[in-house]
Amino acid sequence: MKYNPLKIEKKWQKFWEQKKFYITPDKAKSKDNFYFLVEFPYPSGDLHIGHWYAFSVPDIAVRYWRMKGKNVMYPIGFDAFGLPAENAAIKNNLQPGDWTKKNIAYMTKQLKSMGAAFDWSRVVSTIDPDYYKWTQWIFLQFYKKGLAYRAKTLVNWCPKDKTVLANEQVIDGCCDRCGTEVVQKELAQWMYKITDYADKLIDDLEKVDWPEVTKTAQRNWIGRSCGAEIHFLLPNSTETIKVFTTRADTLYGATYMVLAPEHPLVTKLTKDQYLDSVGKYLEITKKKSELERASLEKEKTGVFTGAYAVNPVNNEKIPIWVADYVIGWYGTGAVMAVPAHDDRDFEFAKKFKLPIRAVIKPKAEWDFIGSAFVSDGVLVDSGDFTGYKSEDAREEIIEKLAKKGLAERRTNYKLHDWVLSRQRYWGAPIPMINCSKCGYKPVPENDLPVKLPKLEDYKPSADGRSPLAKAKEWLKVKCPHCGGEAERETDTMDTFVDSSWYFLRYADPHNKKAFADSDKMKNWLPVDLYVGGAEHNTMHLLYSRFFTKAMYDLGLLEFDEPFAVRINHGVILGPDSQKMSKSRGNVVNPDDLIKKYGADAVRMYLAFMGPYEQGGPWNPGGIIGVYRFLNRIWEMKEGVKKERGVLETQTIKENRVEVLNKESLERMFHKTAKKITDDIESFHFNTAISALMIQSNEMEKWGRFVPRSIFEGFIRLLAPFAPHITEDIWQNTLGHKKSIHLEKWPEYDPKLIVEEMIKLVVQVNGRARDVIEVMAGLDETAIREVALGSENIKKHIAGTEIKKTIFVKNRLINFVV
RNA sequence: GCUCGGGUGGCGGAAUGGCAUACGCACAUCACUUAAAAUGAUGCGGGAGAAAUCCCAUGUGGGUUCGAGUCCCACCCCGAGCACCA
């Protein structure tokens, strides 16, 4: 019978489902638990090859750890609320709920065709009221502790999607969903106080085994910088202007000050004759978009206010300017400008012909005409501090000013609080009630969930009012405080809120009384291994860490980092090396591939094509290689039905008879088993598959005489990679009664992976000149004798004297002449 | 500009400081076939040579070492993230 993947795969998938193999108990006798998490998909409607990469490749490791005797939980779910689903529903003229549920049903079917060891009994969907009840409940716990609050601030507004966005969702000034340029709007929004955790979020990165890229991305994103706020006095006034700086050592070089246009003192301190020009400047900046303002290409602009500030270290009067290169919300919105030691100030000073005064010098003489000197050095022209090193001067100057009340140490962060409210329909309602008498009051926990009402017209509106405002009946509610007439909050939550705790729910997905039972969480959490895309570095992964830390502080969790180990997978690109997209027409459809080659071949090829962290373009011709490999295994099984007890056979190669003996094949098998064991554990699936191919190439030489014991071991090694074909061979051909996926992983014998005969390289002057086959473990004297017997070596050292011999046991001998 | 990755055959890629190019794809020749597909065998970095064998080659230029794709220094290119954050 020919290899027919379609037929056998369906059959075994059904078998596994009926036998409930992958339904993971919370505890299993004498087995350690292993929580293996992959990012749950967003139900876009169709499984694409990227999903296969994300789920079927890690499934190799899942199946491996199960065979190794661990009780592995591999859950799956759907991140189903959110903008894209809603936009798709609008486009298709459907209810978002109908659209999403249809997609979930279809994708569930597709996911099952993957042959992954998902535990379908734990499936979680964020749109399920039983789920978002707890999303709302967690919000209320945060609210009670002041970690969720409402405030009016400048927020990112997407004019197309008609909603606010978190800072993390603005990419290069544009909405990360639709690409429209984001505008700044002052709106009252619900926020999570993630900034309270800025330090812990940076410092605790030490505790986790995550890729360095992810860690640095998070550190950069949080952007901690330690420095001081320094008070500049205004002449004839008690008022001061505070500036934030990390370079107090350059204070003597401050020649002017710059306020951001948003700074509250700008109009107040501007002198009469400058009011016109400053007013005009403020007008112009207001019209600029964030993107324009942030553009580095444009020339710096600014105006003088006519006012002066006094430098606290030397009582020098310096002019105060307004310029939009200073960011209003960061630090104090005001900076002291030290053009000699800051690139931006330098550029500005040159343009407006402001003085440039060097106060830090490297050892050598240095001229500031060309550019600013921004490194640390030694202070010059700095009063009492002349001669100090930068790093000392910083401390001392702050210290001195602090004593006079003119400075205080300060740490600033780039991180903003997380704006979680969205003026859109398709999300979990924020469980708050707005009473005209009492203000905002939380929905009593007993009334949760606040269910999302069905709305005929759920489209967003331009005025920033959520569509839920149209649900008149739903809106009306009694104030939980005074009992009077009140209205529900109409904003919904950002989807990232839903996904910030889903991994907790998998531990206890059907709990009606709590988001998860604490004993059940003990079984599984924190997550042992989390595999997902690098695009979540500063979003989902940061938010989840924040949730975990906040919930830990609330006493809801017993750990403060959610994911012990993180692996980022690469992205599969189209054959043209471009990102796959329908408009480009370079989308690879996994369903077609399965029909042609089977799920085993698809998963194996994805694992084989390169390092998992790397991803890369899909090569349409490549899959045939693993397909052929599986076919050869399929053919090979025919000869193995019976153990023939053959210890030796032969094959003819290049007209030479090659003698094959079972012992050396056995040794090779143990080496292969070790290689594959190590490779799976380190996620090097491509080299593991290569080792499988090498082993099978060797076994093929045996024709119909492949020793059964070795073949069975091989099938077990192959099982995590190609679960269907191995199951079929295991049960149907080899006649085992139980599933291969309940078998133990082959343990290799360390004694057998040591070769008896080894190929030892003979070098002359570090260049390989011969290879000799010798007994393993021979010492230098013996090897030297054999090596010097080689004709080619004799030739290379003829007429010269051996000055030195380098000998590496079992590897090489090198004669230096 | 800063931070983190990476640069190896026609292609995807392999190599604890020790035979560079494993494994696979593509390609070529042969076998099977009326033919093709499938399958199998052989070859496949460049150069010289009948061959044995030798020389050159891991982005570029230096260095360390008996020996460097691997370590160090400088530079070039590609990718990702951050970016007027004081």
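What's counted below: heavy atoms across the whole structure, side chains too, no hydrogens, waters or symmetry copies.
- Ranking G13(B), C55(B), A86(B) by closeness to the V326(A) side chain, first place goes to A86(B).
- A salt bridge links D376(A) to R247(A): at least one charged side-chain nitrogen sits closer than 4.0 Å to a carboxylate oxygen.
- For K759(A), taking side-chain heavy atoms from C-beta onward, the closest of the listed nucleotides A14(B), C19(B), C66(B) is C19(B).
- Within 4.0 Å of R769(A), counting heavy atoms only, lie sugar-phosphate atoms of the nucleic acid but no base atom.
- Between the side chains of N412(A) and S225(A), no donor-acceptor pair of N or O atoms lies under 3.5 Å.
- Computed from coordinates, the W329(A) CH2 to C84(B) C1' distance equals 12 Å when rounded to whole Å.
- No side-chain donor-acceptor contact under 3.5 Å links N311(A) to the backbone of Y252(A).
- For the P atoms, the distance from G79(B) to G13(B) is 15 Å, rounded to whole Å.
- Among the heavy atoms of the strands lying under 4.0 Å from V761(A) is at least one base atom, whether or not backbone atoms are also near.
- Ring pair W634(A)/Y3(A) is tilted by interplanar angle, where 30° to 60° counts as tilted.
- When atom types are taken as modelled, the side chain of D679(A) and the backbone of A688(A) share a donor-acceptor pair closer than 3.5 angstrom.
- Phosphate contact (OP1/OP2 of C54(B), side-chain N/O of H796(A), threshold under 4.0 Å): present.
- In the set U53(B), C66(B), G18(B), the nucleotide with an atom closest to the side chain of K804(A) is C66(B).
- Residue-level contact check: P611(A) touches the backbone only, with heavy atoms under 4.0 Å from sugar-phosphate atoms and none from bases.
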Between the protein and nucleotides 7-10 of chain B, which nitrogen or oxygen pairs are less than 3.5 angstrom apart?
none

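- The base of C66(B) lies outside donor-acceptor range of the side chain of K803(A), with no N or O pair under 3.5 Å.
- Summarising the base pairing, G81(B) is matched to C2(B) through a Watson-Crick or G-U wobble pair whose two defining distances lie under 3.5 Å.
- Distance from the side chain of V771(A) is smallest to C19(B) among U53(B), C19(B), C84(B).
- Separating the P atom of G10(B) from that of G6(B) is a span of 23 Å, rounded to the nearest Å.
- For a distance-only test at 3.5 Å, the side chain of Q763(A) qualifies as a donor-acceptor partner of the base of G18(B).
- Base orientation for G81(B): anti, the chi torsion being more than 90° from 0.
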Please produce a list of atom pairs where a protein N or O lies less than 3.5 Å from an N or O of nucleotides 22-29 of chain B.
from	atom 1	to	atom 2	distance (Å)
C23(B)	O4'	S690(A)	OG	3.3
G24(B)	OP1	N697(A)	ND2	3.2
C25(B)	OP1	R628(A)	NH1	2.6
A26(B)	OP2	R628(A)	NH1	3.4

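- One side chain, S790(A) or D770(A), offers a donor N or O that lies under 3.5 Å from an acceptor on the other.
- Across all strands shown, U39(B) forms a Watson-Crick or G-U wobble pair, both distances under 3.5 Å, with A31(B).
- Contact annotation: Y325(A) does not reach the phosphate of A86(B) (side-chain N/O to OP1 or OP2, under 4.0 Å).
- Nearest-nucleotide positions on RNA chain B for N412(A) and A768(A) put A768(A) closer to the 5' end.
- For N220(A), taking side-chain heavy atoms from C-beta onward, the closest of the listed nucleotides G81(B), U53(B), A86(B) is G81(B).
- If you check G12(B) for Watson-Crick or wobble pairing at under 3.5 angstrom, you find it paired to C23(B).
- Cation-pi check for R545(A) over W221(A) is not met; the charged atom does not lie both under 6.0 angstrom from the ring centroid and within 45 degrees of its normal.
- In this structure, E391(A) does not pair ionically with R394(A), as no charged nitrogen and carboxylate oxygen lie closer than 4.0 Å.
- Of the possible donor and acceptor atoms, one in the side chain of T216(A) sits under 3.5 Å from a partner among the backbone N and O of V213(A).
- Formation of a donor-acceptor pair under 3.5 Å by the T800(A) side chain with backbone atoms of I797(A) is found in this model.
- Among the atoms of the strands shown, only primed sugar atoms or phosphate atoms (P, OP1, OP2) are found under 4.0 Å from some heavy atom of R767(A).
- At a cut-off of 3.5 angstrom, counting only N and O atoms as typed in the model, there is a donor on one side and an acceptor on the other between the side-chain of N814(A) and the base of C66(B).
- The side chain of T216(A) sits closest to C4(B) out of C82(B), A86(B), C4(B).
- Nucleic acid contact class of T538(A) (heavy atoms, under 4.0 Å, all strands): none.
- Counting non-hydrogen atoms under 4.0 angstrom, N792(A) reaches the backbone sugars and phosphates but no base.
- When the nucleotides G13(B), U16(B), C56(B) are ranked by their closest atom to the side chain of Q614(A), G13(B) comes out on top.
- Taking the six-membered ring wherever Trp is involved, the centroid distance between the rings of F348(A) and Y256(A) falls below 6.0 Å.
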